[in-house]
Asks: 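Below is a structure I'd like to ask you about.
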Protein chains: 2
Amino acid sequence: MDVRAAPPDHSECRAVADVLTRIGDKWTVMVVGALSKGRMRYSEIFRQVGGVSQRMLTLTLKGLERDGLVSRTVYPTIPPRVEYELTPRGRSLIEPLHALMTWAHANRAGIDACRQDFDRRA
Amino acid sequence: MDVRAAPPDHSECRAVADVLTRIGDKWTVMVVGALSKGRMRYSEIFRQVGGVSQRMLTLTLKGLERDGLVSRTVYPTIPPRVEYELTPRGRSLIEPLHALMTWAHANRAGIDACRQDFDRRA
DNA sequence: CAGGATCCAAGCCGATACTG
DNA sequence: CAGTATCGGCTTGGATCCTG
């Protein structure tokens, strides 16, 4: 089976790669993971995704919203309340991402061992 | 279904994220995609993966080798001949990555449309 | 509370030139 | 052929401070 769903057309290839760099980055995966549990407000996501800075969380959410993967709802109260939720397209991303995270979790230890081996030999 | 296969343990979370940043980057995905078609030498991969620089190809391959996802075989001929091949663990990555690429390909157009919409409104 | 703005260090990455 | 070495631009991302 050919993993590269795209033909040897380079423009197609770059387009897919472009999408991948967007949805494949660390924080995006974590945020989608958090939102897969349901609608959530900014501060909740912030707590769920450990280690992210406010700046990166905002940028990641904005990127996801721009791509139509996340919807943003503002309640004009004081203090403000903003909730985020996966769109249908965003939810369609859960399954492939889940497969990746499962793989990562299952292979983490083996990879670490390989790295130490490799580094010791070098 | 919870995408985050890991518990709310932050060290686990970072570890999975670490693996993800490695295997999720653009060139890694492309290289694994190319190698999914079988054993291949350096220059072949270089041609298959359009747009990659020698430097990045070398770094990507070395990273994959370090993680035990790719094996490297040198034939001490002149000129030298080096072949790369996915290890069993590397092959186990094909399926999840394939799912991601299929998703990317299927949603590329919709995402582009959303972006233009978003940018026009802003 | 949910960001926007700014600053700055770290590192990624492409281009280029060189080598066994 | 299959890399290595070096340089420089540019992005990335964390820290910090500020606001409606």
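Keep in mind the model is a prediction, meaning the values are calculated, not measured.
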Asks: Distance from I23(B) atom CD1 to L64(B) atom CG, nearest 0.5 Å?
Replies: 10.0 Å
Asks: Might you point out which heavy atoms bring A34(B) and M40(B) nearest each other, and give the distance in Å?
Replies: O-CE, 3.2 Å
Asks: Given atom CZ of R47(B) and atom C1' of dA2(D), what is their separation to the nearest angstrom?
Replies: 13 Å
Asks: On DNA chain C, compare the nucleotides closest to V52(B) and Q54(A); which residue's is nearer the 5' end?
Replies: Q54(A)
Asks: Quick one: on DNA chain D, does P79(A) or D25(A) contact a more 5' nucleotide (nearest heavy atom)?
Replies: D25(A)
Asks: Counting heavy atoms from C-beta on, name the nucleotide in dG14(D), dG3(C), dC1(C) closest to the side chain of R41(A).
Replies: dC1(C)
Asks: Can a side chain N or O of S43(A) be found less than 4.0 Å away from OP1 or OP2 on dA2(C)?
Replies: yes
Asks: Output the rounded distance in Å from CG (L61(B)) to C1' (dA2(D)).
Replies: 11 Å
Asks: Over how many whole Å does the gap from L57(B) atom CG to dA2(D) atom C1' extend?
Replies: 10 Å
Asks: Looking for any heavy atom pair under 4.0 Å, which part of the strands does Y84(A) touch: base, sugar-phosphate only, or nothing?
Replies: sugar-phosphate
Asks: May I have the distance from K26(A) (atom NZ) to dC12(C) (atom P), rounded to whole angstrom?
Replies: 12 Å
Asks: Does K26(B) offer a backbone N or O that forms a donor-acceptor pair with the side chain of T21(A) under 3.5 Å?
Replies: no
Asks: dC1(C) P sits how many Å from R72(A) CZ, rounded?
Replies: 16 Å
Asks: Any idea which of dA2(C), dG14(D), dG14(C) is nearest the M56(B) side chain?
Replies: dG14(C)
Asks: Which nucleotide sits closest to the side chain of T58(B): dG3(C), dT4(D), dA2(D)?
Replies: dT4(D)
Asks: So K62(A), base contact, sugar-phosphate only, or nothing? Heavy-atom distance under 4.0 Å.
Replies: sugar-phosphate
Asks: To the nearest 0.5 Å, what is the distance between CZ on R55(B) and OG1 on T60(B)?
Replies: 10.0 Å
Asks: Tell me the closest heavy-atom pair linking R115(B) and D67(A), and the distance in Å.
Replies: NE-OD1, 2.7 Å
Asks: What is the separation between atom CG on L59(A) and atom C1' on dT11(D), rounded to the nearest whole Å?
Replies: 12 Å
Asks: Using atom CZ of R55(A) as one end and atom C1' of dG13(D) as the other, report the distance to the nearest whole Å.
Replies: 6 Å
